[in-house]
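Counting begins at 1 with the first residue of the sequence. Below, all heavy atoms of this structure are taken into account, side chains as well, without hydrogens, waters or symmetry copies.
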Amino acid sequence: MSEKGKIAKQMKEIVELFMSEPQLKAHMLMAIEEHMKESDLVFGRLANLHHDMFSKQEYPFIYIAAAVELIVLAGDLLDDVVDQDRLKDDAITVHTAIGLLLLGQQVIAHLHIADEKKLKALSYVTSCLLQSVHGQQTDVVCDVQTEADYVKMVEKKSGSLVAMACVIGALLAGKEDIATIETYASYIGIAAQIDNDLDALYNWDKKADIHAKKKSLPILYMLESKHDNLWKQYFNNEIDYDEMYVQKEKALQQMEQEGAIYYAKVMSQIYKEKAWQEIEKLDVDDAYKSVLKTFI
């Protein structure tokens, strides 16, 4: 069975073990199935890798990976509620998300590991989730005006979650110096968010970012352009979403012609290279570094 399959299997077993309310349990298991289809379980795999990197144990600690993925899945479901994406029943979705969030933390609390390590890990989870909430709120209310605002928002929104996954694995393995891990994890998260934002530009029907007027790097670039364009008209409320949607191919063409898409891709690559440089500072076997770089 693949690592992804093992993590998903463990997630389901955790739900079966701890959840007793039939409807809620069913929705949690269904959410895990959907998560499996849409995700490579990167966060759980990162947690597993970092525990393996710094632990003297020879077997992969899938329980930690499953706990992290339960927490991340909870966040994804809450994002869907906020963005009103693909949802039929907000109430059960919220309850499912809260249940998964608490389950993930409960799993960590029940690990057969020294209490001191678990306390540090749980405290770090809380800190990262708070940072992510701050970033999400900034994004939702569209309080991003400059590239610096965007990077700061993304660092909190996405960088903190990647850091959570990486650092939890390391802390539970007994690693104390986590500064380098936090740095490259943040860079990985920023690069991934830039890539996700680019993807959203080409998938208007699947993502609500454009409708919500979220300002990604390419959009900020277009808003600063000296030339008039559809993006300026849309964000200045000169045209509504329906008008923008009808002209989406032209809007994307304007982005490509102005260099906005290329610029965002370059920025993503810069953060990836920064992450690679930080990874090289790790005092671990080169084989681990090579595996870690495949996540970028």
Side-chain angles (χ1 to χ4, degrees), residues 31 34-35 38-39 72-94 96-98 101 129-162 189-225 228-256 258 260-261 263-265 267-268:
E34 289 299 313
H35 191 51
E38 300 176 359
S39 168
V72 170
L73 175 54
D76 287 346
L77 291 175
L78 290 173
D79 284 349
D80 284 346
V81 173
V82 172
D83 294 337
Q84 298 181 330
D85 286 343
R86 301 172 297 171
L87 299 177
K88 296 180 181 178
D89 187 337
D90 285 357
I92 191 64
T93 303
V94 170
T96 299
I98 293 172
L101 179 62
L129 291 178
L130 283 173
Q131 287 297 309
S132 184
V133 168
H134 289 157
Q136 289 280 9
Q137 180 63 17
T138 299
D139 194 23
V140 167
V141 299
C142 303
D143 191 21
V144 172
Q145 305 302 328
T146 66
E147 182 177 314
D149 291 341
Y150 172 84
V151 172
K152 184 177 180 181
M153 177 273 290
V154 169
E155 186 175 11
K156 291 180 178 179
K157 175 184 173 181
S158 303
S160 62
L161 293 182
V162 179
I190 293 171
Q193 187 61 57
I194 294 173
D195 291 344
N196 287 342
D197 289 343
L198 283 168
D199 182 63
L201 287 172
Y202 292 94
N203 290 280
W204 292 25
D205 295 322
K206 296 180 180 179
K207 304 200 177 184
D209 292 21
I210 306 301
H211 189 273
K213 291 190 174 180
K214 293 184 178 181
K215 295 176 182 175
S216 59
L217 275 186
I219 290 173
L220 287 168
Y221 188 99
M222 294 302 288
L223 296 179
E224 289 296 320
S225 172
D228 186 34
N229 58 70
L230 288 168
W231 298 97
K232 284 185 178 181
Q233 294 172 31
Y234 177 54
F235 277 83
N236 290 332
N237 298 314
E238 295 170 15
I239 59 175
D240 61 20
Y241 178 76
D242 291 337
E243 293 175 276
M244 185 66 168
Y245 183 82
V246 170
Q247 300 185 80
K248 64 178 181 178
E249 295 301 327
K250 181 179 179 181
L252 290 172
Q253 189 177 59
Q254 287 178 345
M255 269 191 168
E256 290 169 354
E258 286 272 349
I261 300 294
Y263 174 73
K265 288 180 178 179
M267 291 304 297
S268 171

Practice task
Kindly indicate whether a cation-pi arrangement holds for Lys213 with Tyr234, taking the cut-offs as under 6.0 Å to the six-membered ring centre and within 45° of the axis.
Solution key: yes

Hey, is [atom1] on [X] packed in by over 12 heavy atoms from elsewhere, all under 6.0 Å?
| X | atom1 | value |
| --- | --- | --- |
| Lys265 | NZ | no |
| Lys152 | NZ | no |
| Glu243 | CD | yes |

If every non-hydrogen atom of [X] is compared with every non-hydrogen atom of [Y], which pair is closest and at what distance?
| X | Y | value |
| --- | --- | --- |
| Pro218 | Ala260 | O-CB, 3.6 Å |
| Gly189 | Ser158 | O-CB, 3.6 Å |
| Ala251 | Met244 | CB-CE, 3.8 Å |
| Lys156 | Gln131 | CB-O, 3.3 Å |
| Lys157 | Asp139 | NZ-OD2, 2.7 Å |
| Leu77 | Thr93 | O-CG2, 3.9 Å |

Problem - Side chain to side chain, Leu198 and Ile261, heavy atoms closer than 4.5 Å - result: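 A side-chain contact under 4.5 Å exists here.
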
Exercise for the section: Report yes if some heavy atom in the side chain of Asp197 is under 4.5 Å from a heavy atom in the side chain of Tyr150; otherwise report no. Expected result: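 Sidechains of Tyr150 and Asp197: in contact.
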
Exercise for the section: Taking Lys207 for its side chain and Leu201 for its backbone only, find out whether a donor-acceptor pair lies under 3.5 Å. Expected result: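 No.
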
Exercise for the section: Please confirm whether the backbone N or O of Lys232 pairs with a side-chain atom of Asn229, one donor and one acceptor, at under 3.5 Å? Expected result: yes

